[in-house]
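The next block holds one structure in the form of structure tokens; read it before the comments.
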Number of protein chains: 2
Amino acid sequence: MITGNLFADVADQLPDEQIMELLSAPNVRIERIISTGHATAPNEWYDQDWAEWVLLLAGSAGLIFEGETEPLPLEPGSYVHIAAHVRHRVAWTDMSVPTIWLAIHYQ
Amino acid sequence: MITGNLFADVADQLPDEQIMELLSAPNVRIERIISTGHATAPNEWYDQDWAEWVLLLAGSAGLIFEGETEPLPLEPGSYVHIAAHVRHRVAWTDMSVPTIWLAIHYQ
């Protein structure tokens, strides 16, 4: 039995986004991601082979999908399903508090 | 793109545990579960064909595994991995506030 707390050991400032793998199985990967103001580099897109179900647990963020003009604002509790190969980027994350994400990648 | 908020529409009191399916795919199923003081019936056990990664988001609970004497206490942010066919039960959930779980079942 593996147990822990998602809100433990959250740094206030990080040089880069921090990804902690919580589960890795043949069809599923679960990660905790901490962002402290990080965003995807301009003109870069995530284009993923697996689908993703992502939940924002703390902080706030804006997620933009290719072809959209405005980012989707995310607050604690917000979840989004992103199908495989749907291009998206993180437009912004909270500058004042850490943003905690739970990402479930699956095939 | 499917989006929503896990903390929306949470009833204070429910006659039974409420399960909302958030994602259903061939290898993964994601559910939000709301408990308002509910527990697994005495001497009943969950014995699941799929593994489960479960996260407590609000409230509190005690999870007991077969052969253990004390429940594992869960608070917001607590997560537990439960392998397939590991028998377990919910010993108790918070009586004062709703307990919100995110359950990821996978194979």
Side-chain angles (χ1 to χ4, degrees), chain A residues 1-10 20-32 34 50-58 60-68 70-88 98 100-107, chain B residues 1-10 20-32 34 50-58 60-68 70-88 98 100-107:
Chain A
M1 184 184 55
I2 301 155
T3 184
N5 193 297
L6 279 188
F7 300 131
D9 302 319
V10 175
M20 187 197 307
E21 193 173 86
L22 301 171
L23 177 77
S24 180
N27 300 313
V28 183
R29 194 172 73 252
I30 303 179
E31 297 168 341
R32 181 187 79 168
I34 309 285
W50 285 19
E52 179 178 359
W53 190 93
V54 65
L55 169 66
L56 193 143
L57 290 160
S60 57
L63 196 61
I64 193 156
F65 291 85
E66 197 176 35
E68 301 280 331
E70 290 297 317
L72 177 71
L74 305 177
E75 57 184 18
S78 294
Y79 61 84
V80 187
H81 183 261
I82 306 168
H85 297 297
V86 167
R87 283 154 66 94
H88 61 284
I100 306 178
W101 309 81
L102 182 74
I104 298 148
H105 304 273
Y106 70 94
Q107 67 173 350
Chain B
M1 185 183 55
I2 302 156
T3 184
N5 193 296
L6 279 187
F7 300 131
D9 302 317
V10 175
M20 188 198 307
E21 192 172 85
L22 301 172
L23 177 78
S24 181
N27 299 312
V28 182
R29 195 173 73 252
I30 303 179
E31 296 168 342
R32 181 186 80 167
I34 310 284
W50 286 17
E52 179 177 359
W53 189 94
V54 67
L55 168 66
L56 193 143
L57 290 159
S60 58
L63 196 61
I64 193 156
F65 292 86
E66 196 176 35
E68 301 280 330
E70 288 298 317
L72 177 71
L74 305 177
E75 57 184 17
S78 294
Y79 60 84
V80 186
H81 183 261
I82 306 168
H85 296 299
V86 167
R87 283 155 64 95
H88 61 284
I100 306 178
W101 310 80
L102 182 74
I104 298 149
H105 303 272
Y106 71 94
Q107 65 175 353

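Order of the sequence lines sets the chain letters (A, B, ...), proteins ahead of strands, with each chain counted from 1.
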* To do: Could you go through the side-chain contact (heavy atoms from CB on, under 4.5 Å) check for A:Ile104 and B:Leu23 one step at a time?
  => CA-CA 11 Å; A:Ile104 298 148; B:Leu23 177 78; 6.0 Å; no
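For B:Asn27 against A:Gln107, the heavy-atom pair with the smallest separation is ND2-O, 3.1 Å. Taking all atoms of both residues into account, the shortest heavy-atom contact from A:Leu102 to B:Leu102 is CD2-CD2, 3.7 Å.
Around atom CG of B:Asp9, no more than 12 heavy atoms belonging to other residues, nucleotides or ligands sit under 6.0 Å away.
Side chains of A:Tyr79 and B:Leu6 form a contact here, defined as non-hydrogen atoms less than 4.5 Å apart.
The candidate from A:Leu57, A:Ile100, A:Leu55 with the greatest count of non-hydrogen atom pairs under 4.5 Å with chain B is A:Leu55. With chain A as the partner, the residue from B:Pro26, B:Gly4, B:Ser78 showing the most heavy-atom pairs under 4.5 Å is B:Gly4. Between chain B and the residues A:Ala83, A:Ala25, A:Pro76, the largest count of heavy-atom pairs under 4.5 Å involves A:Pro76.
Interface remark: A:Leu56 contributes no atoms to any contact with chain B (heavy atom separation under 4.5 Å).
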